[in-house]
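Before any comments, here is the structure.
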Amino acid sequence: MEAARAGKGPPGRQTGATPDARVCDPGIGPARMDRRPSDGPVLPVELAACVGLLPAAFLSAVHDRARRVGAGGDEVLRCAGRVRDDEMAQVLADHLGLPLVQAVDGLFVPASPVPAAVADWAKGLLRTGVHAGFDASRRVVFTLAVRGRAVRRLARALRVDPSLRARLRLIAPDALRRQVMEEAGEAIAHDAAFAFRDAAPDRSAGALKASRALLALTIVIAAVAGGGAVLAPELTFLATLALLSLIFLSWIALRLAGCRFDADDAEPLPAQDPAIEDRHLPVYTLLIPLYKEAASVPRLLAAMRALDYPPEKLDIKLVVEADDGETRAAIAAAGLPPQMEEVVVPNVGPRTKPKALNMGLTFARGTYVAVFDAEDQPEEDQLRRAVAAFRRGGRRVACVQAKLCVDNGAERWISGHFAAEYAGQFDVLLPILSALNLPILLGGTSNHFRRDVLEDLGGWDAFNVTEDADLGIRLARTGWRTEVIASTTFEEAPVTLGGWLGQRTRWFKGWAQTLLVHGRHPRSLLRDLGWRGAATVGVLTLGPFVSALLHPFGMALLGWNLARGTLGALGDNWMEVFTSALTYATLAVGYGGTALTMSVGLARRGDRLRGSLFWTIPLYWLLLSLAAWRAVIELIRRPYHWEKTAHGISTRRLPLWSRRLRNSA
């Protein structure tokens, strides 16, 4: 575009003749804004402004693609790399006869100095792209950041009322977002961190005093157990053991039910749905929080470029901490295409993934919002499948969860167990929960949301370190459905014990936070979810946590009986018999159910459970116990600390080009 304009100046202000003065000269007036080049079709205003600056045949091709994908011609030009945002704004301003400003004077003068008020003002400005202010004579003027089909609406308004030119000016959309970030970034970050906690303290881990909650829970349990031990010691012991076993066995039973159910074959492909043609697709925002992920940036950008979705309708936000110089340098070195943008998070509030997601959500433009992690490689058609699922499910479907698959499971023993676990979770458990319309603890990535519902819920809780699990329950409590789709995102599992332990500790801590938050008012939870939903929440959060905490004691009992030579003995009285039988049965069902669930999940992936994993399930469970007890300590000492998992260090990564081969195997 710059080369085309060299020596001529912008359209309408040239000193010499233009190839099509009828189109480029704003003196013709607003009635003639949409024109055709001499040998082409009638072009919409955003392309008519470029006649004489770009070849006519190229503009015709751009026009054809714009109609095919349902986007503005200027958006096609930007994604093709033929024009920058500031260049397009200048061309449109000249063509429409409007002044172009580089920044808005007094952008936040009408707003309060209170961060929440500034953030609300910024959100409204970003959503509408319209700023109302005053010029030097105190006359109201409007600064517009328009793009795509909004340009056509503006041109029509100018045709109807040419006098609007005196009160309108343009600014490049990218320039407006940069100014908002510079002037209101800290206020937006403050809102991202604290708005949900302040608006709904009963639903936020930020208002939860974890140490007090644990102390109160311990006192209640001790009082009940102590009283029972005095009045009916044997009955109290057996009732406690039976209750814990029931919780754990219910958790296993859900997985065993999932082994009998596979919904993938019933899900139609997006290509079979005519509503998924490009022109019917909505704008899709992808939020990708990054922290110390410089090594993952090149592969991440390649995965995002590989998505089968019109780039004109993609709005990809790489959300980066302000002081993460290495990751920001990697992004700058890679060079972002027009559909990708860096969003910088100031150091305000807790440094957590959900706070970064809330920050990115403020700048989102899409009808739908999806979350991906730095190491993710989603299947190319995942966004189309999600759109199809939203449309099939109707308005009550607010979230779609894709399946996660570890692609480096063969690299190490620990990553192998992680891969088998993921197969059981995402290919066995989640589909049955979705089919039964039960609450789902979302995965931390590849979840897709209706943006309006997500914003109505207040976004993510910045203080919950498993924000995905919490949000899944909040969706269910407000009556929204979550569906699981047969699309996969490939992930990298930790390959070191330290990395695995830190990640799993954070997960256990977050599940405990989620359980304490939603369980603080049991009647409210029961009213919102009914007994089936409330019981499911308890089983999904309490089941794995309690089983991990108590597993060492069951193993100790097993070892003690083995050392005494009483393993398998009936016992001296009915209490010993019942206790031993229940313990052995729980361990056997737990190990067996886990092995079956992992085997079925891996089989659905065209894989199998290796013997080295099957025979070491008890050892892996002991590691889970270590992580669970670490989580209890962390919950008391530093409840909001986000233990970072290192990515980009695995040597076995599934190549982008081989995903379809893997799926068809």
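Predicted model, so just to flag it, every value in this text is computed and none were measured.
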From Leu430 CG over to Gln425 CD, what is the distance, rounded to the nearest 0.5 angstrom? 5.5 Å
Ring-face cation of Arg412 near Phe418 (centre distance under 6.0 Å, axis angle within 45°): no
Decide if atom CZ of Arg305 counts as having more than 12 heavy atoms of other residues, nucleotides or ligands within a radius under 6.0 Å. yes
For residues Thr482 and Gln401, is any side-chain donor paired with an opposing acceptor at under 3.5 Å? no
Search all heavy atoms of Ala493 against all heavy atoms of Asn408 and return the closest pair with its distance. N-OD1, 2.9 Å
Among side-chain atoms of Asp470 and Thr514, is any donor-acceptor pair under 3.5 angstrom? no
Tell me whether the centres of the aromatic rings in Trp251 and Phe545 are closer together than 6.0 Å. no
Of Arg630, His641, Glu643, the residue whose pairing with Thr505 passes side chain to side chain donor-acceptor pair (under 3.5 Å): Arg630
So is Arg351 actually on top of Trp642's ring, under 6.0 Å and inside 45° of the axis? no
Within 45 degrees of the axis of the six-membered ring of Tyr422 and under 6.0 Å from its centre: does Arg605 put its NZ or CZ there? no
For the CZ atom of Arg610 and the CZ atom of Arg608, what is their distance to the nearest 0.5 Å? 8.0 Å
Begin with the C-alpha distance, continue with both residues' side-chain angles, and end with the deciding distance and a verdict on side-chain contact (heavy atoms from CB on, under 4.5 Å) for Met304 and Ile288. CA-CA 10 Å; Met304 294 301 104; Ile288 309 175; 3.7 Å; yes
Indicate yes or no for a side-chain donor-acceptor contact from Thr466 to the backbone of Trp507 under 3.5 Å, with no hydrogens or angles considered. no
What orientation do Tyr368 and Phe390 show, parallel under 30°, tilted 30 to 60°, or perpendicular over 60°? parallel
Hey, what do you get for CG (Asn447) to CZ (Phe372), rounding to the nearest 0.5 Å? 9.0 Å
Using the six-membered ring wherever Trp is involved, compare the ring planes of His417 and Trp413 and label them parallel, tilted or perpendicular (cut-offs 30° and 60°). perpendicular
Assign the ring pair Phe449 / Trp460 to parallel, tilted or perpendicular, where the plane angle (0 to 90°) is split at 30° and 60°. perpendicular
How many angstroms lie between atom OG1 of Thr285 and atom CG of Asp315, to the nearest 0.5 angstrom? 3.5 Å
